[in-house]
Amino acid sequence: MVAITLPDGSERRFDGAVTGTTVATSIGPGLAKAALAMKVNGVLTDLSAEITDDSRLVFITRRDETALEMIRHDCAHVLAEAVQALYPGTQVTIGPSIENGFYYDFARNEPFTPADFPAIEAKMREIVAANAPFLREMRDRDEAIAFFEAKGERFKAELIRDLPQSETITFYSQGAWIDLCRGPHMRGTGDVGTAFKLMKVAGAYWRGDHRNPMLSRIYGTAWRDQKELDAHLKMLEEAEKRDHRRIGKDMHLFHMQEEATGSVFWHPKGWKLYRTAESYMRRRLEVAGYEEVKTPQLVDRALWEASGHWDKYRENMFQAQVDNEDKTLALKPMNCPCHVLIFRQGLRSYRELPLRMAEFGACHRYEPSGALHGIMRVRAFTQDDAHIFCTEAQIAPETVRFVELLSSIYQDFGFESFRVKFSDRPESRAGTNETWDRAEGALKEACAAAGVDFELNPGEGAFYGPKLEFVLRDAIGRDWQCGTLQVDFVLPERLDAEYVGEDSQRHRPVMLHRAILGSFERFLGILIENYAGRFPLWLAPVQVAVASIVSDAEPYAIEVATALKAAGLAVVTDTANIKINAKIRDHSLQHVPVIAVVGRKEAEDRTVALRRLGVEQQETLPLDEAVRLLGREAMAPDLARHIAAK
RNA sequence: GCCGCUUUAGCUCAGGGGUAGAGCAACUGAUUCGUAAUCAGUAGGUCGUAGGUUCAAUUCCUACAAGCGGCACCA
């Protein structure tokens, strides 16, 4: 007797072992048709699996999030079958479901191109239409290895060899095609449906290791139905319009060119945006108890040797020599060693701790060519860097303060939520295990105190200490690390930083490396994408466009612009001899938040007609009132709060 | 760095072995027109760079560079 408990609490009894299919059929034909898989006591399982003991059972239907993952996984199998049917000799490797879709890595001498997609997709549709059932079978380990080796599938054979001995080897077949797979799968290839599309090809290293051969990866997207697929494709199209490289060009914010690969040429408007962000950060840091410094770009290699960078990081450093001097200098890739040098000037007291030393530090790193990406990943960038010299006991309270500051700043820039990753000790590291235990422990405690929910990111810490990474997303869902906080017991030791404690003895301070924006370049790139170029008034590089309707209003337009500029606003004056419709269009396309229109009427009445970006409705105000209003609205959020609090 | 793709006017893109074309932008002129494109005209290109094949290359081939999509990297 097997008792099955359903989510509504009802129970059904069966004489013996029973499959999910049988249970579903016993409940009703609707469910029998809709059930794609099931969860038995919380474990996702094939519908055809036998249930031998009393169990809680939940059926998975197409509406469930889990079903979407299964559709994608199954679709990867369908892709693999199609590819092997069309391109004999292609070896299969792995093909998981991922966010929005799936991929499959193939080993083939000639890589795939998007031109192959129509044929592959057509074959996939045939396979789906055939609706072959997914059949699970267990195999003996050695037999499974022999099976794949006989077929020339050496990657699959390698996978099985590396599975733990205890692992059951399961295969799934769909018609004549069979693959090593842990499962589970839906009932048959027909359940995949037709709402899928192959998206792109890419090279990918076997098992993610650059020493391994490169495989040919095909990415696809798959959804429950055509409507969802269309919505996703539409979303991607929209996201493309938010691309910071596109907007940077259209809005004349910056450009990049071959003569300075990986460096940004900031144009006047982009630099204005940059400076707005910088001034804001400078105020926030000052209020938060930081002291700003500036340290050299070029520093003797001796310092980098002492800090450990020469050993661990040299290949990423730009070096410089001078003809008649026998010295090697390096462009700083980080600011920390220089900050320690400032800390070491004079004898420090425990009374000075925590000492928060900030720098908008311009750094150069030789990033691999393939890593460069617009202004998000560059070779020359400016960090909103700071180092907090403190005692071990101060790690937790300083982390809490930092997280609060970061959250408030992200909110001011329009980011309501962000992800936090906790990266612990990497394989290649400095410092003893005991030191790492202490550092990781302190940081974890601090996270608890600050109420930070983090995902663990094992082995990804800096060589000198564990770190928190604050991650923001770009328009198409790529993650970028912006903020960071890193605990460092190593560098103070290496560079011999010390302070005199209450006990009159000398002690090592701990260093917290921390950044909020990360780099201005990356953060502004994400900011551009987040706002799609439609910045709030305080950030907009051009805040008001004053547009005249007739040339009679030109002198007044200039007067209006002058008054707005005097109030601190960034203004362009448009007195060109073109129609007001065209001016509205031009400035709207430039995402200017406010257009102040002046014609004869406004010139006579000494008013302006304000039009907000994308809003047809206008508001006509006396000039002085408009200046006051916009001046107030354009205030940075921290200053606005200050005024509001009064 | 690795795999693939791309590179033609300021921008977006078409073209193709016989030395280039559109729209928008720019410039000139007309127009003074009230909230997302006024009309007409003019000018604008070593077809990424360097080699090679050819009577002839921007087009075909090779190398390099940069960009794009991934992978690896991101101290």
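When reading the values below, keep in mind they use all heavy atoms of this one structure, side chains included, and skip hydrogens, waters and symmetry mates. Quick note on labels: first sequence line is chain A, next is B, and so on, each numbered from 1.
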[X] [atom1] to [N] [atom2], straight-line distance once rounded to whole Å:
X: A:H267; N: B:G10; atom1: NE2; atom2: C1'; result: 11 Å
X: A:L372; N: B:C2; atom1: CG; atom2: C1'; result: 15 Å
X: A:Q481; N: B:C73; atom1: CD; atom2: C1'; result: 13 Å
X: A:W206; N: B:C2; atom1: CH2; atom2: C1'; result: 17 Å
X: A:I595; N: B:A37; atom1: CD1; atom2: C1'; result: 14 Å
X: A:D586; N: B:C24; atom1: CG; atom2: P; result: 13 Å
X: A:M256; N: B:A65; atom1: CE; atom2: P; result: 18 Å
X: A:H252; N: B:C11; atom1: NE2; atom2: P; result: 11 Å

Any donor-acceptor pair under 3.5 Å between the side chain of [X] and the base of [N]?
X: A:R377; N: B:C73; answer: yes
X: A:Y205; N: B:G1; answer: yes
X: A:R211; N: B:A72; answer: no
X: A:E602; N: B:G34; answer: yes

Aromatic ring pairing A:F415/A:F523, orientation class (parallel under 30°, perpendicular over 60°, tilted between): perpendicular
Parallel, tilted or perpendicular: rings of A:W223 and A:H232 (30°, 60°): tilted
For a quick check of understanding: with a heavy-atom distance under 4.0 Å over all strands, which category does [X] fall into, base, sugar-phosphate or nothing?
X: A:A371; value: base
X: A:I580; value: sugar-phosphate
X: A:P426; value: nothing
X: A:A547; value: nothing
X: A:G308; value: nothing

A:E69 bridged to A:R72 by N-O distance under 4.0 Å: no
Nearest heavy-atom neighbours spanning A:K583 and A:D574: NZ-O, 3.0 Å
Looking at the side chain of [X], which of [options] is the nearest nucleotide?
X: A:R478; options: B:G34, B:A36, B:G70; value: B:G70
X: A:L613; options: B:G70, B:U12, B:A36; value: B:A36
X: A:A202; options: B:G70, B:U38, B:C33; value: B:G70
X: A:P368; options: B:A36, B:A65, B:A72; value: B:A72
X: A:R246; options: B:A66, B:U12, B:A36; value: B:U12

Spacing of the [atom1] atoms in [M] and [N] (rounded, Å):
N: B:U19; M: B:U32; atom1: C1'; result: 47 Å
N: B:C47; M: B:U6; atom1: C1'; result: 14 Å
N: B:C74; M: B:C5; atom1: C1'; result: 24 Å
N: B:A25; M: B:C13; atom1: C1'; result: 14 Å
N: B:A57; M: B:G1; atom1: C1'; result: 33 Å
N: B:G4; M: B:G16; atom1: C1'; result: 24 Å
N: B:U35; M: B:G15; atom1: C1'; result: 40 Å
N: B:U7; M: B:C55; atom1: C1'; result: 29 Å

Is the distance from OP1 or OP2 of [N] to the nearest side-chain N or O of [X] less than 4.0 Å?
X: A:H373; N: B:G69; answer: yes
X: A:R217; N: B:G4; answer: no
X: A:R522; N: B:C74; answer: no
X: A:K249; N: B:U12; answer: yes
X: A:R207; N: B:C71; answer: no
X: A:K579; N: B:U38; answer: no
X: A:R245; N: B:G69; answer: yes

Donor-acceptor contact below 3.5 Å, side chain A:R377 vs main chain A:L372: no
Given RNA chain B, 5'-ward residue of the pair A:G374 and A:E469, judged by closest heavy atom: A:G374
A:M214 vs A:H210, nearer the 5' end of RNA chain B by closest nucleotide: A:M214
Is any side-chain heavy atom of [X] closer than 4.5 Å to a side-chain heavy atom of [Y]?
X: A:D105; Y: A:Y103; value: yes
X: A:F418; Y: A:L406; value: yes
X: A:R207; Y: A:D162; value: yes
X: A:Y531; Y: A:P536; value: yes

Members of residues 96-119 of chain A that approach RNA chain B, where some heavy atom sits under 4.0 Å away: A:P111
Within the 6.0 Å centroid threshold, strictly below: A:H387 and A:F343: no
Centroid-centroid distance, A:F102 to A:Y104, less than 6.0 Å: no
Secondary-structure string, 5' to 3', Watson-Crick or G-U under 3.5 Å, | for another-strand partners, for RNA chain B: (((((((..((((....[..)))).(((((.......))))).....(((((..]....))))))))))))....
Donor + acceptor pair across side chains of A:T484, A:Q486 (<3.5 Å): yes
From CA spacing to verdict: side chain to side chain contact (heavy atoms under 4.5 Å, CB included), A:L303, A:L495: CA-CA 8 Å; A:L303 178 67; A:L495 295 181; 4.1 Å; yes
